[in-house]
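Below is one structure, written out as C-alpha cells, with a few remarks after it.
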Amino acid sequence: HFEGKTCIVTGATSGIGFAIAAKLAEQGADLVIVGRNRARGEDALATLSKGGTRAQLVVADLADRAAAGLIHGRAMEAFDRVDVLINNAGILVRGTVLDGTDDEWNTVLDLNLSSAYRMSRAVLPTMMAQHAGSIVNIASDWALMGAQNATAYCVSKAALAQLTRCMALDFAAHGIRVNAICPGDTATPMLERAIADRGREATMSAINASIPLGRVGRPDEIANATVFLASEAASFMTGALVPVDGGTSAQ
Ligand code: NAD
C-alpha cells in the first residue's frame, strides 16, 4: 500500500523504529532511515533492502540543528517526494525534578520533542505542495499518564502529544494528517537498558504484572498500529493519540 511513497523513519536502526521501517518496506515503501551510528545503520539498510526496497541511510544526530534539512534534502534527492514522516527517535532518562540536571532536561526535551518539531518543519512544505502527507509521532503511554522518576521524559512525551494535536489542526486543510502512537513497555534495547540495573527477572515480572494483557509489547505490534496510522486506511484520523500498551493507560 506504500508503493511509490517515500517514508522517513528516525531512530530506525533499532527497536520500534526498525520494526516500523521493516513493515513499511514489506508494503513497498521507499525509505529514508535515520540513525546516529553508521555501522548499525549499514546493517539495518542491508536488511531492509533485501526484498528490493529502495532505501537511503542518513547518519545524523537529531540534536544537530542541521539534521532535519539534511534528511529532507536526501529524501528529495533520492525520491523527489515525502509522503510519510515517522518521528520515532527518543531517549529515556530517569530522574525527578530534584535529581535531574538542566543538561538532562534540555537533552531529553530537545530530542523527544524539538527534533520532531524540526523534522516536521522540514517536510511540511513538501507535503503541502503534494496536498498530502502523514506524520506519526511515537510518544508513550507516559504522554497520557504521569510516572515516577521520569519527569523530563514524561513532559517531553506529553508535549509531543500536544504538538500532534496542534499540527493536526493547522495542516488538516492541506490534506496532511498528524497522529501519535502511545506505546507501553515494549521489548527493545531501551527497555533492556531501563531494567538492566534493577535485576532483570524480578523487574520483568513486576512490569508484566502491571500490564492488563500480562506482558510487554513487541516492536512489530507497535509498528502495526504506526503503519496503519501512516496509511490511507486511517484517512479520517488526525490529531489522534493511540495507546498501544496492553491496556495500561485504560486503568
Ligand atoms: P531504542 O533505544 O531501541 O531506539 C531509539 C532510537 O532512537 C535508536 O535507533 C537511537 O539510535 C535513536 N536515537 C536516539 N538518540 C538519537 C539522536 N540524538 N539522533 C538520532 N537518533 C537517535 O528505543 P525504542 O524502545 O525502540 O524507542 C523508540 C521510541 O519509542 C522512542 O521515542 C521511545 O521513547 C518510544 N517508546 C518506547 C517504549 C519502550 O518500552 N521501549 C515505550 C514507550 C515509548
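Order of listing sets the numbers, starting from 1, for every ligand and every atom in it. Computed from heavy atoms alone, side chains included, the values below leave out hydrogens, waters and symmetry copies.
- Nearest protein neighbour of atom 4 (O) of ligand 1, counting heavy atoms only, is Ser14 OG, 3.4 Å.
- Under a 4.0 Å heavy-atom criterion, Asp61 is in contact with ligand 1.
- Those atoms of ligand 1 with a heavy atom of Tyr153 less than 4.0 angstrom away are 33 (C), 34 (O), 35 (C), 36 (N), 43 (C), 44 (C).
- Of all protein heavy atoms, the one lying nearest to atom 25 (O) of ligand 1 is Thr188 OG1, 2.6 Å.
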Checking Met145 against Asp141 for the side-chain contact (heavy atoms from CB on, under 4.5 Å) test, could you report, in this order, the C-alpha distance in whole Å, the side-chain angles of both residues, the deciding distance, and whether it holds?
CA-CA 7 Å; Met145 318 178 293; Asp141 58 355; 3.9 Å; yes
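- With no hydrogens or angles considered, no side-chain donor-acceptor pair links Thr6 and Asp30 at under 3.5 Å.
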When you look at Ser120 and Leu85, which way does the side-chain contact (heavy atoms from CB on, under 4.5 Å) test go after all the steps?
CA-CA 8 Å; Ser120 301; Leu85 167 65; 4.1 Å; yes
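- Residue contacts with ligand 1: Ala194 is excluded, as none of its non-hydrogen atoms falls under 4.0 Å.
- Under the 4.0 angstrom criterion for non-hydrogen atoms, Trp142 is not in contact with ligand 1.
- For the residue pair Lys157 / Asn112, no side-chain donor-acceptor distance below 3.5 Å is found, with atom types taken as modelled.
- Ranking the protein heavy atoms by distance from atom 31 (C) of ligand 1 puts Asn88 O, 3.2 Å first.
- Taking atom 38 (C) of ligand 1 as the reference point, the nearest protein heavy-atom neighbour is Gly184 O, 4.0 Å.
- Each of the atoms 17 (C), 18 (N), 19 (N), 20 (C) of ligand 1 lies under 4.0 Å from some heavy atom of Leu62.
- Taking a cut-off of under 4.0 Å to the non-hydrogen atoms of Arg40, the atoms of ligand 1 that pass are 11 (O).
- The shortest N or O to N or O distance between Gly35 and ligand 1 is not under 3.5 Å.
- Look at Leu111 and you'll find a heavy atom under 4.0 Å from some atom of ligand 1.
- Ion pairing between a basic and an acidic side chain is recognised when a charged N comes within 4.0 Å of a carboxylate O; Asp110 and Arg65 show such pairing.
- Here Ala60 has backbone heavy atoms under 4.0 Å from ligand 1, and that is the only part of it that gets that close.
- Between the CD1 atom in Ile195 and the CD atom in Glu201 there is a gap of 8.5 Å [rounded to 0.5 Å].
- Regarding atom 22 (C) of ligand 1, its nearest protein heavy-atom neighbour is Arg36 NE, 3.5 Å.
- With values rounded to the nearest 0.5 angstrom, Ile86 atom CD1 is found 10.0 Å from Ile8 atom CD1.
- Of the heavy atoms in Ala139, only backbone atoms (N, CA, C, O) come closer than 4.0 Å to ligand 1.
- Heavy-atom contacts of Lys157 reach the following atoms of ligand 1: 31 (C), 32 (O), 33 (C), 34 (O) (cutoff under 4.0 Å).
- Under the 4.0 Å criterion applied to side-chain N and carboxylate O atoms, Asp170 and Arg165 are not assigned as salt-bridge partners.
- Heavy-atom contacts of Asp185 reach the following atoms of ligand 1: 40 (O) (cutoff under 4.0 Å).
- Taking CG of Asn137 as the reference point, atom CG of Asn88 lies at 10.0 Å (rounded to 0.5 Å).
- Within the model, atoms CG of Leu111 and CG of Asn106 stand 12.5 Å from one another, a figure rounded to the nearest 0.5 Å.
- Shortest contact from atom 43 (C) of ligand 1 to any protein heavy atom: Pro183 O, 3.2 Å.
- Classification of Glu221 and Arg215 as a salt-bridged pair holds, one side-chain N sitting under 4.0 Å from a carboxylate O.
- At the top of the distance list for atom 9 (O) of ligand 1, counting protein heavy atoms only, stands Gly11 O, 3.3 Å.
- The distance from the CG atom of Leu163 to the OG atom of Ser156 is 11.5 Å, given to the nearest 0.5 Å.
- Protein heavy atom in closest approach to atom 2 (O) of ligand 1: Arg193 NH2, 2.8 Å.
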